**Student:** 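Mind having a look at this structure? Questions to follow.
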Amino acid sequence: MSKTVNVYFFGKKYEVPDDLTIMAAMEYAGYRLVRGCGCRGGFCGACATVYRIKGDKGIKTCLACQTKVENDMYIASLPFFPLDKQVYDIEKLGTDEKVMMRLYPEIYACIGCNACTKSCPQNLNVMQYIAYAQRGDYAKCAELSFDCVMCGICSSRCPAGISHPQVAELARRLNGRYLMPECGHLKRTVARVQNGEYEKELEELLCKSEEELTNLYNNRDIEE
Amino acid sequence: MYTEELTIKAAAAAAKREENIKKSVPRMTAEEKNELLAAYHPDHNKDQSKTVLIGKNKGDKVPSELWTLLHSKSRISGADIGAEPEISAEVLVIGGGGAGAAAAIEAARAGAKTVLVTKLRLGDANTMMAEGGIQAADKDNDSPVRHFIDAYGGGHYAAKKELLKKLVCEAPEAIMWLSKLGVEFDKTSDGEMITTHGGGTSRKRMHACKDYSGAEIMRTLRDEVLNLGVTVTDFTAAAEILLDGDGKAAGAALVNMETGKIFTAEAKTVIIATGGIGRLHCQGFPTSNHYGATADGLVMAYRAGAKLIYADTLQYHPTGAAYPGQIYGALVTEKVRSLGAKLVNADGEIFVHPLETRDTVSAAIIRECKERGKGVDTDLGCGVWLDTPMIDMINGEGTTEKRIPAMLRMYERCGIDIRKEPVLVYPTLHYQNGGIDISPDCSVTGIENLYAAGEVTGGIHGRNRLMGNSLLDVIVFGRTAGISAAEKSKTAKHGKPSSDHICRYEKELEKAGIDTGAVSPAFLPDYTGRK
Ligand SMILES: Cc1cc2nc3c(=O)[nH]c(=O)nc-3n(C[C@H](O)[C@H](O)[C@H](O)COP(=O)(O)OP(=O)(O)OC[C@H]3O[C@@H](n4cnc5c(N)ncnc54)[C@H](O)[C@@H]3O)c2cc1C
Ligand code: FES
């Protein structure tokens with residue numbers, strides 16, 4: 001049997017079972033969530049949450065769907081934070097340093113406080129990926145930011161007003177579009193499809209009886 | 001963190017690990033599979049489905065939870081929707097997941113005035129959660145023909161062939177399209193895609209972006225939707241499709257999720273891309289799905305006169321987390337098995353080939369727990385071990401961290417290191433195999449100006465979808481819906497949007513003496529007060 005703990009949602013006290021996530025505990029307490037809840041699985045970043053344990057000096061951050069309640073948690077959700085997303089045409093961007101300078105110049109105002117990194121619920125090295133973006137090393141920025149769920153907590157803590165998740169999104173797209181090696185076999189297959197090379201075989205397949213198809217399926221060879 | 005008791009039980013899996021890694025289990029014969037499915041797959045549980053009483057699917061069986069929604073009153077019943085529409089579009093996209101975003105991108109690129117409304121935020125969707133990957137036959141030892149056979153057989157020979165043909169033929173192009181948008185697929189240094197098997201594939205054609213495949217695709221699509229200037233209206237749910245006097249789609253009735261206000265959109269063409277059904281918790285199963293997966297699109301389309309196909313087949317993913325409580329029902333990606341982890345019972349014995357199709361593996365796990373008494377009991381229920389430490393033992397240290405970081409993190413947050421300890425799993429409600437009946441151009445059968453794409457549709461996958469074919473479906477058919485709707489919007493004409501068909505539907509309900517006491521679509525599950 002689970003025990004209960006006291007938690008405070010927006011300052012108001014509730015007693016909840018101690019094995020629930022913050023999100024489930026809010027629901028247990030009677031909240032019907034509309035904002036602050038998306039995937040419920042740690043992928044969408046809708047449930048950004050800030051909390052403090054009574055008596056502790058530090059502010060902590062987490063995803064409410066991924067974090068268990070603790071006794072004396074003072075909890076506030078951050079279902080929206082105004083990030084700045086620049087609009088661009090990916091086909092017209094190069095990959096030199098100037099791209100970031102033009103679209104997100106505020107990254108150069110980073111004062112190195114590292115509050116972003118300390119606040120990331122995914123434990124990413126946010127300040128470091130911003131440093132890579134400043135240097136125009138988009139591949140590195142993409143690599144370090146890959147697990148970002150774009151919850152925006154980092155930006156809420158940033159004195160320079162940087163929209164880290166958007167910077168990282170741009171870096172990843174540049175990396176995927178321009179910097180990662182092109183795929184030869186993909187190109188070849190797309191060409192083969194376009195030339196109609198599979199058309200005849202597929203049409204024949206479509207005309208086969210259920211029995212023939214069943215045979216084909218049951219006797220197909222499977223790659224080790 | 002495992003309790004002391006579970007730690008002791010996990011030792012049974014550890015004791016046989018070396019031996020189990022070497023052991024190869026045979027795949028089941030077709031007869032063995034059929035028998036297993038008939039006895040243990042939840043779809044075959046006859047008490048849990050009901051016969052539809054009105055509409056196009058009259059006489060067909062559907063899961064009871066869906067039955068209730070289909071036979072309930074409309075949310076906008078009696079509301080005045082006659083006022084001037086607040087939104088006017090050439091292409092109205094309903095749903096901000098992968099299919100909706102792909103459709104919006106193509107519609108906007110084609111020059112149509114495109115509006116996307118979505119219930120939560122753009123990207124709060126099942127697409128965001130896909131971990132394992134996306135199929136495409138793009139390697140030299142593979143071909144779309146093979147892909148077709150795998151999917152057709154895996155779907156129990158029930159797929160609509162022309163839809164499946166389109167899926168497999170356009171798969172390589174879909175991967176190319178995503179790459180050009182900047183999606184970072186796992187590749188070797190010379191550009192070769194790193195691919196693995198999924199359940200039921202005969203070639204390694206699962207492309208992935210670590211185990212954030214859906215997230216990487218979804219956030220890229222979202223970024224592009226915004227770049228293209230599509231009007232995105234979030235926290236806005238569609239409650240009904242509106243039709244004109246001739247029965248053509250002419251817009252939608254919308255509800256502001258925060259204020260409850262009902263308003264209307266008028267549109268030349270409408271695309272339904274509202275995704276799946278998991279949050280209905282059919283048969284009491286937990287689910288891997290996002291918060292808004294409540295079958296809204298099926299209900300709306302059905303009232304408007306669409307036909308549903310294979311609405312009785314749901315996919316229970318074999319490996320939902322069965323422990324601890326905080327992640328109960330969450331998905332443990334199939335990629336864990338693709339990378340070599342096997343399923344073992346309480347005695348540490350392998351009881352099924354890990355890469356049989358999903359329905360087969362799920363049924364085998366249920367049999368192990370319910371009939372054979374070889375499951376592992378916890379205070380939450382029963383499960384079997386998915387022996388994750390095998391992954392690094394087979395592929396080398398660091399593989400888990402590199403290839404499935406999201407899984408590692410999810411369990412780390414629960415105090416479990418999946419590199420050292422196995423995890424407990426049990427089937428979780430995952431995917432709606434069937435849905436709205438469409439043509440290859442994504443038009444909804446029988447309703448002009450109405451289109452549908454993604455998980456809300458049926459027929460592409462037959463009665464069981466293979467891993468990686470859904471993300472693919474979302475891109476291939478999402479794009480097609482956008483292109484078709486944009487093209488149609490150039491010539492489409494319609495009269496005044498109205499909800500008369502809703503009144504007629506409700507009259508029929510009344511005539512048949514049905515009163516569920518509920519309204520639908522459901523929009524969101526209600527978890528208030530739930531332990
Ligand atoms: C945990 C998980 C892992 C998966 N892994 C894989 C995988 O590895 N490979 C694979 O191929 N597939 C996978 N799938 C399946 C696949 O991700 C989905 O089937 C697919 O992404 C569905 O896309 P969609 O756009 O149709 O629906 P969704 O992505 O769910 O989008 C639907 C959108 O519509 C919105 N909506 C719903 N109702 C309304 C309404 N009334 N009004 C307005 N908006 C509404 C929803 O909120 C949502 O934003 C996985 C699914 C899950 C849940
Ligand atoms: S709800 Fe999506 S990350 Fe928590």
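Just so we're clear, the structure is a prediction, and the values are computed from it rather than from any experiment. Below, chain A is the first sequence line, B the second, and so on; all start at residue 1.
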**Student:** So which heavy atom on B:P172 is nearest to which on A:L186, and how close?
**Tutor:**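 Here B:P172 and A:L186 meet closest at O-CD1, 3.4 Å.
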
**Student:** Quick check for you: to the nearest 0.5 Å, what is the distance between A:Q66 atom CD and B:M410 atom CE?
**Tutor:**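 The CD atom of A:Q66 sits 7.5 Å away from the CE atom of B:M410.
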
**Student:** Would you say that A:D221 contacts B:R203 through its side chain, given a criterion of any heavy-atom pair below 4.5 Å between the two side chains?
**Tutor:**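 Side chain of A:D221 against side chain of B:R203, heavy atoms only: contact under 4.5 Å found.
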
**Student:** Less than 4.5 Å to any heavy atom of chain A: does that hold for the side chain of B:F235, its backbone, both, or neither?
**Tutor:**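 Side chain of B:F235 only, per the 4.5 Å heavy-atom cut-off to chain A.
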
**Student:** Out of curiosity, B:S143 OG to A:Y198 OH, how far, rounded to the nearest 0.5 Å?
**Tutor:**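 That separation rounds to 6.0 Å.
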
**Student:** Scan residues 21-30 of chain A for pairs that pass side chain to side chain donor-acceptor pair (under 3.5 Å), counting only residues two or more places apart or in two chains.
**Tutor:**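 Side chain to side chain donor-acceptor pair (under 3.5 Å) check on residues 21-30 of chain A returns A:E27-A:R40.
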
**Student:** To the nearest 0.5 Å, how far apart are CE in B:M129 and CZ in A:F43?
**Tutor:**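 If we round to the nearest 0.5 Å, B:M129:CE and A:F43:CZ are 6.5 Å apart.
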
**Student:** Could you tell me which non-hydrogen atom of B:S189 sits nearest to which non-hydrogen atom of A:P181, and how far apart they are?
**Tutor:**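 It is O-CG, 3.5 Å.
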
**Student:** Most heavy-atom pairs under 4.5 angstrom with chain B, which of A:G41, A:P17, A:C37?
**Tutor:**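 Sorted descending by pairs with chain B, the first entry is A:C37.
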
**Student:** Please determine if A:E203 and B:K165 form a salt bridge, counting it only when a charged side-chain N lies under 4.0 Å from a carboxylate O.
**Tutor:**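 Answer for the salt bridge query: yes.
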
**Student:** So for B:R530, is it side chain, backbone, both, or neither that comes closer than 4.5 Å to the heavy atoms of chain A?
**Tutor:**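 Both parts, backbone and side chain.
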
**Student:** Contact between A:K200 and B:V145 at the side-chain level, heavy atoms closer than 4.5 Å - yes or no?
**Tutor:**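 No, their side chains stay 4.5 Å or more apart.
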
**Student:** Check whether A:V34 gets within reach of chain B through its side chain, its backbone, both or neither, counting any heavy atom under 4.5 Å.
**Tutor:**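 Both parts, backbone and side chain.
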
**Student:** Considering only heavy atoms and a distance below 4.5 Å, find which of A:M23, A:E91, A:M180, A:E224 pairs most often with chain B.
**Tutor:**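 Most heavy-atom pairs under 4.5 Å with chain B: A:M180.
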
**Student:** Sort B:A330 into side chain, backbone, both or neither according to what part of it lies under 4.5 angstrom from a heavy atom of chain A.
**Tutor:**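 For B:A330, no heavy atom lies under 4.5 Å from chain A.
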
**Student:** Examine whether an atom of B:P324 lies under 4.5 Å from a heavy atom of chain A, and if so say whether it belongs to the side chain, the backbone or both; otherwise answer neither.
**Tutor:**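 Looking at B:P324, nothing touches chain A.
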
**Student:** Would you say A:Y217 and B:Y152 make side-chain contact, with heavy atoms under 4.5 Å?
**Tutor:**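 Answer no - side chains too far apart.
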
**Student:** For the pair A:D19 and B:K531, evaluate salt bridge (charged side-chain N to carboxylate O under 4.0 Å, His left out) and give the outcome as yes or no after the intermediate values.
**Tutor:** CA-CA 9 Å; A:D19 56 353; B:K531 161 80 184 65; 3.3 Å; yes

**Student:** Quick one: does B:R146's side chain have a donor or acceptor within less than 3.5 Å of a partner on A:R220's backbone?
**Tutor:**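 Answer holds: no.
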
**Student:** Taking B:N227 for its side chain and A:D89 for its backbone only, find out whether a donor-acceptor pair lies under 3.5 Å.
**Tutor:**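 Judged by distance alone, no pair lies under 3.5 Å.
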
**Student:** Please state whether the side chain, the backbone, both or neither of B:D234 comes within less than 4.5 Å of a heavy atom of chain A.
**Tutor:**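 Neither part; nothing is under 4.5 Å.
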
**Student:** With a 4.5 angstrom heavy-atom cut-off, could you sort out which part of B:F185 is near chain A: side chain, backbone, both or neither?
**Tutor:**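 Just the backbone, heavy atoms under 4.5 Å.
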
**Student:** A:M150 versus chain B, heavy atoms under 4.5 Å apart: side chain, backbone, both or neither?
**Tutor:**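 When you check distances to chain B, only side chain atoms of A:M150 fall under 4.5 Å.
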
**Student:** How long is the gap from CE on B:M176 to NZ on A:K187, to the nearest 0.5 Å?
**Tutor:**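 That separation rounds to 7.0 Å.
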
**Student:** Taking side chain as everything from C-beta outward and backbone as N, CA, C, O, which of these in B:L164 sits under 4.5 Å from a heavy atom of chain A? Side chain, backbone, both or neither.
**Tutor:**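 Answer is neither: B:L164 stays 4.5 Å or more from chain A.
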
**Student:** Looking at A:E182 and B:K187, does any basic side-chain N land under 4.0 Å from a carboxylate oxygen?
**Tutor:**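 Not counted as a salt bridge, because no side-chain N and carboxylate O are separated by less than 4.0 Å.
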
**Student:** Give, as side chain, backbone, both or neither, the part of B:T29 having an atom under 4.5 angstrom from any heavy atom of chain A.
**Tutor:**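 For B:T29, no heavy atom lies under 4.5 Å from chain A.
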
**Student:** Between A:K68 and B:R413, does a side-chain contact (heavy atoms from CB on, under 4.5 Å) hold up when you go through it step by step?
**Tutor:** CA-CA 9 Å; A:K68 262 213 287 201; B:R413 283 174 173 147; over 6 Å; no

**Student:** Between B:C414 and chain A, which part of the residue has a heavy atom less than 4.5 Å away: side chain, backbone, both or neither?
**Tutor:**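 Neither the backbone nor the side chain of B:C414 comes within 4.5 Å of chain A.
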
**Student:** Please classify the contact between B:F148 and chain A as side chain, backbone, both or neither, with a heavy-atom cut-off of under 4.5 Å.
**Tutor:**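 Interface part for B:F148: side chain.
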
**Student:** Within the structure provided, determine whether A:F80 and B:R121 are in side-chain contact (heavy-atom separation under 4.5 Å).
**Tutor:**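 Not in contact.
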
**Student:** So which part of B:R205 gets closer than 4.5 Å to some heavy atom of chain A, the side chain, the backbone, both or neither?
**Tutor:**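 Nothing of B:R205, per the 4.5 Å heavy-atom cut-off to chain A.
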
**Student:** Taking heavy atoms only and a threshold strictly under 4.5 Å, list by residue number the residues of residues 218-226 of chain B that touch chain A; give 'none' if the list is empty.
**Tutor:**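 Listed by number, the contacting residues are B:R219, B:T220, B:R222, B:D223, B:E224, B:L226.
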
**Student:** Hey, what do you get for SG (A:C183) to NZ (B:K139), rounding to the nearest 0.5 Å?
**Tutor:**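 Interatomic distance, A:C183 SG to B:K139 NZ, rounded to 0.5 Å: 8.0 Å.
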
**Student:** Testing A:L202, A:L206, A:L205 one by one against B:K161 for a side-chain contact (heavy atoms from CB on, under 4.5 Å), which residue passes?
**Tutor:**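 Filter result, single survivor: A:L206.
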
**Student:** Given heavy-atom pairs under 4.5 angstrom as the criterion, report whether the side chain, backbone, both or neither of A:E199 touches chain B.
**Tutor:**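 Side chain of A:E199 only, per the 4.5 Å heavy-atom cut-off to chain B.
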
**Student:** Under 4.5 Å, counting heavy-atom pairs only, tell me which of A:C62, A:G45, A:C65 racks up the most with chain B.
**Tutor:**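 Between A:C62, A:G45, A:C65, the count favours A:G45.
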
**Student:** Where do B:R279 and A:C39 come nearest, in terms of heavy atoms and distance?
**Tutor:**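 Of all heavy-atom pairs spanning B:R279 and A:C39, the closest is NH2-O, 4.5 Å.
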
**Student:** Relative to chain B, which segment of A:I22 carries a heavy atom at a distance below 4.5 Å: side chain, backbone, both, or neither?
**Tutor:**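 Nothing of A:I22, per the 4.5 Å heavy-atom cut-off to chain B.
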
**Student:** Examine whether an atom of A:L33 lies under 4.5 Å from a heavy atom of chain B, and if so say whether it belongs to the side chain, the backbone or both; otherwise answer neither.
**Tutor:**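 For A:L33, backbone and side chain are both near chain B.
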
**Student:** Quick one: what part of B:A137 sits under 4.5 Å from any heavy atom of chain A, side chain, backbone, both or neither?
**Tutor:**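 For B:A137, the backbone is the part near chain A, not the side chain.
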
**Student:** Ignoring hydrogens, what is the shortest heavy-atom contact between B:Y212 and A:Q122? Give both atom names and the distance.
**Tutor:**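 Looking at all heavy atoms of both residues, the shortest contact is OH-NE2, 3.3 Å.
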
**Student:** Under 4.5 Å between any side-chain heavy atoms of B:D142 and A:E223, yes or no?
**Tutor:**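 In short, these two side chains do not touch, never coming nearer than 4.5 Å.
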
**Student:** Given a strict heavy-atom distance threshold of 4.5 Å, which part of B:N141 is in contact with chain A: side chain, backbone, both, or neither?
**Tutor:**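 Just the side chain, heavy atoms under 4.5 Å.
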
**Student:** Determine, step by step, whether A:R188 and B:D140 satisfy the side-chain contact (heavy atoms from CB on, under 4.5 Å) criterion, reporting the C-alpha distance in whole Å, the side-chain angles of both residues, the deciding distance to 0.1 Å, and the verdict.
**Tutor:** CA-CA 9 Å; A:R188 284 196 297 278; B:D140 295 332; 2.9 Å; yes

**Student:** At a heavy-atom separation under 4.5 Å, does B:V183 approach chain A through its side chain, its backbone, both, or neither?
**Tutor:**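 Contact with chain A: backbone only.
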
**Student:** Does any backbone or side-chain atom of A:Y178 lie under 4.5 Å from a heavy atom of chain B? Answer side chain, backbone, both or neither.
**Tutor:**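 Neither part.
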
**Student:** What distance separates A:I222 CD1 from B:R27 CZ, expressed to the nearest 0.5 Å?
**Tutor:**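 Answer for the CD1-CZ pair, A:I222 versus B:R27, is 4.0 Å.
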
**Student:** Using heavy-atom distances under 4.5 Å, tell me whether A:E197 contacts chain B through its side chain, its backbone, both, or neither.
**Tutor:**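 Neither part.
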
**Student:** Looking at chain A, which one of B:G325, B:P525, B:G329 has the largest number of heavy-atom pairs inside 4.5 Å, strictly under?
**Tutor:**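 Winner by heavy-atom pair count: B:P525.
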
